[in-house]
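A quick note: this is a predicted structure, and the numbers were derived from the prediction, not measured. Letters A, B, ... are given to chains in the order of the sequence lines, protein chains preceding strands, and every chain is numbered from 1.
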2 protein chains.
Amino acid sequence: MTGWEDIRAEVQARIRSGVWPLGSAIPHEEDLARDFGCARATVNRALRALAAQGVLERRRKGGTRVLAVPVRKATVSIPVIRAEVEATGRRYSHQIIWQATGQENTLHLETLHLADDKPYAHEVRVLHLAVLPPLPDLTAISINEWLVTTVSYATGEIAFSAAAADAGQARALWVPTGTPLFVITRETRNAAAQVITKVLLAHAPGYHLRTTM
Amino acid sequence: MTGWEDIRAEVQARIRSGVWPLGSAIPHEEDLARDFGCARATVNRALRALAAQGVLERRRKGGTRVLAVPVRKATVSIPVIRAEVEATGRRYSHQIIWQATGQENTLHLETLHLADDKPYAHEVRVLHLAVLPPLPDLTAISINEWLVTTVSYATGEIAFSAAAADAGQARALWVPTGTPLFVITRETRNAAAQVITKVLLAHAPGYHLRTTM
DNA sequence: CATTGCATTATGTGCAGACATATTAACCTT
DNA sequence: AAGGTTAATATGTCTGCACATAATGCAATG
């Protein structure tokens with residue numbers, strides 16, 4: 001009867017109805033557990049879920065409070081491009097347009113990803129070779145895919161934006177210069193906080209990144 | 001010594017090293033618990049985290065398997081625009097450019113959000129009044145903000161894309177027609193799956209949506 | 001008066017056991 | 001052989017208990 005989802009819903013209802021105003025502290029887990037007639041672990045699970053959702057803020061000893069500014073959080077999947085293309089029933093391929101070694105043992109790569117031989121996305125990447133195992137044959141597998149399966153879980157920053165196609169992007173994607181492109185930039189670091197790679201990925205017009213709340 | 005984070009790391013290491021190849025099934029929670037010398041609940045926590053990350057797929061009775069196609073998941077915050085603007089030290093304001101009632105008890109709203117009196121984002125919204133409480137005075141509080149604090153948790157779809165500014169967006173945002181804009185479209189539904197509102201939000205050039213992995 | 005140190009407190013996490021539930025596989029029926 | 005029923009199984013979750021950990025404030029100390 002009292003699952004943690006029910007408790008999450010109840011807590012959220014109390015926040016919405018003003019019983020626990022925005023910015024205020026809510027009772028301790030133990031009190032809530034007594035209120036709801038369940039174990040503290042159950043309350044804990046519910047409150048942790050709400051914290052992950054951006055509704056609550058929790059701090060040891062500080063207790064739990066309702067965020068003053070509610071934040072909606074959405075989880076987006078950043079798939080391997082090959083899988084993304086093949087999921088729509090199209091055939092994936094990629095071409096390395098240009099590559100060069102740069103300062104400090106870096107490799108610069110310009111890649112075009114294609115779906116049914118039509119341009120799908122244009123990628124510019126800098127790889128820091130010192131923090132990577134030897135590279136494979138890049139004509140067989142895309143760097144993107146190789147990295148995902150090779151490098152242990154890494155942290156990183158992602159940014160989404162819109163930008164006008166520059167000359168290189170325009171040429172690769174068969175669009176006029178200045179065309180709005182959906183751009184994803186990524187910076188990936190390994191466990192030791194060393195930068196592994198930086199990527200700028202510009203998608204051909206019509207691209208949408210979808211998710212649910 | 002054996003926290004659930006350690007176990008998550010170990011499982012991830014085994015996947016990366018090929019002990020558990022992509023697409024293969026991994027042992028049951030009970031077996032893993034014996035292997036790692038911990039309780040099943042601890043293994044469960046670790047595996048659930050990995051499933052949320054997009055590394056594993058879990059099904060009752062079906063067991064746990066490594067996803068054939070690794071997916072990176074990132075959580076993005078969709079903040080209230082006022083908070084987003086004020087977080088950068090600027091002053092928020094908004095203007096309702098146009099509004100009209102449409103078919104089936106809907107309200108159409110065109111809003112401009114400003115930061116230090118400069119255009120920040122252009123919003124076009126359709127509200128389904130039948131599934132909402134009475135609206136407040138919209139000059140005092142933006143719809144966006146009112147909805148977040150008023151409507152109980154709702155599901156919805158979000159899509160990010162890049163688009164060329166149309167005439168209305170160009171005029172509102174002080175940019176030439178055709179300028180690349182970062183666009184967020186949202187469709188929000190209540191618990192009964194009824195559509196509450198649809199939004200198209202076009203951000204002024206320079207906008208970035210950031211997140212970490 | 002500043003600083004260090006300790007006790008307090010709320011959340012974070014672990015464990016063992018139990019039952020719930022979804023899903024598959026095996027079985028039986030027609 | 002097709003189809004429906006049943007049993008087996010792995011995950012999902014709850015409970016009650018325990019200890020760990022971080023953060024806060026108070027107190028003792030120099």
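In this structure, the nucleotide among D/dT11, C/dT11, C/dC15 sitting nearest to the side chain of A/Glu29 is C/dT11. Checking D/dT11, C/dC15, C/dT11 against every side-chain atom of B/Thr64, the shortest atom distance belongs to D/dT11.
Ring geometry for A/Tyr207 against A/Phe182 counts as tilted: the plane angle lies between 30° and 60°, on a 0 to 90° scale.
Using a cut-off of 4.0 Å between Lys/Arg side-chain N and Asp/Glu carboxylate O, A/Glu86 and A/Arg82 are scored as salt-bridged.
Distance CG (A/Leu56) to C1' (C/dG12): 16 Å, rounded to an integer number of Å. Between B/Glu30 atom CD and C/dC15 atom P there is a gap of 14 Å when expressed in whole angstrom units. When rounded to the nearest whole Å, the span between CZ of A/Arg34 and P of C/dA10 equals 12 Å. Atom CZ of B/Arg48 is separated from atom P of D/dG12 by 7 Å (rounded to the nearest Å). In this structure, A/Arg8 places its CZ atom 14 Å from C1' of D/dT13, rounding to the nearest Å. A straight line from CZ of A/Arg40 to P of C/dT11 spans 7 Å, rounded to a whole angstrom. One interatomic measurement links the two molecules: CD of B/Glu5 to P of D/dA20, which rounds to 19 Å at whole-angstrom precision. The CZ atom of A/Arg65 sits 13 Å away from the C1' atom of C/dA10 (whole-angstrom rounding).
Residue A/Thr42 has a polar side-chain atom (N or O) positioned under 4.0 Å from OP1 or OP2 of D/dT15. Within the 4.0 Å cut-off from OP1 or OP2 of C/dT24, at least one side-chain nitrogen or oxygen of B/Arg59 is found. A/Arg45 has a side-chain polar atom (N or O) that falls below the 4.0 Å cut-off from OP1 or OP2 of D/dT13.
Residues A/Cys38 and A/Lys61 both approach DNA chain D. Their nearest nucleotides, taken by heavy-atom distance, put A/Cys38 toward the 5′ side. Toward the 5' end of DNA chain D, the nearer of the two residues B/Asn44 and B/His28, judged by each one's closest nucleotide, is B/His28. Both B/Gly37 and A/Arg58 lie near DNA chain C, and the one whose nearest nucleotide falls closer to the 5' end is A/Arg58.
At a threshold of 4.0 angstrom between heavy atoms, the contacts of B/Gly63 are confined to the sugar-phosphate backbone, with no base atom among them.
Counting only heavy atoms from C-beta outward, the side chains of B/Arg58 and B/Arg48 approach each other to under 4.5 Å. Contact check for A/Val11 versus A/Val55: no side-chain heavy atoms found under the 4.5 Å cut-off.
Between the side chain of B/Arg60 and the base of D/dT13 there is no donor-acceptor pair of N/O atoms closer than 3.5 Å.
Defined by atom type and a distance below 3.5 Å, a donor-acceptor pair is missing between the side-chain atoms of B/Gln194 and B/His128.
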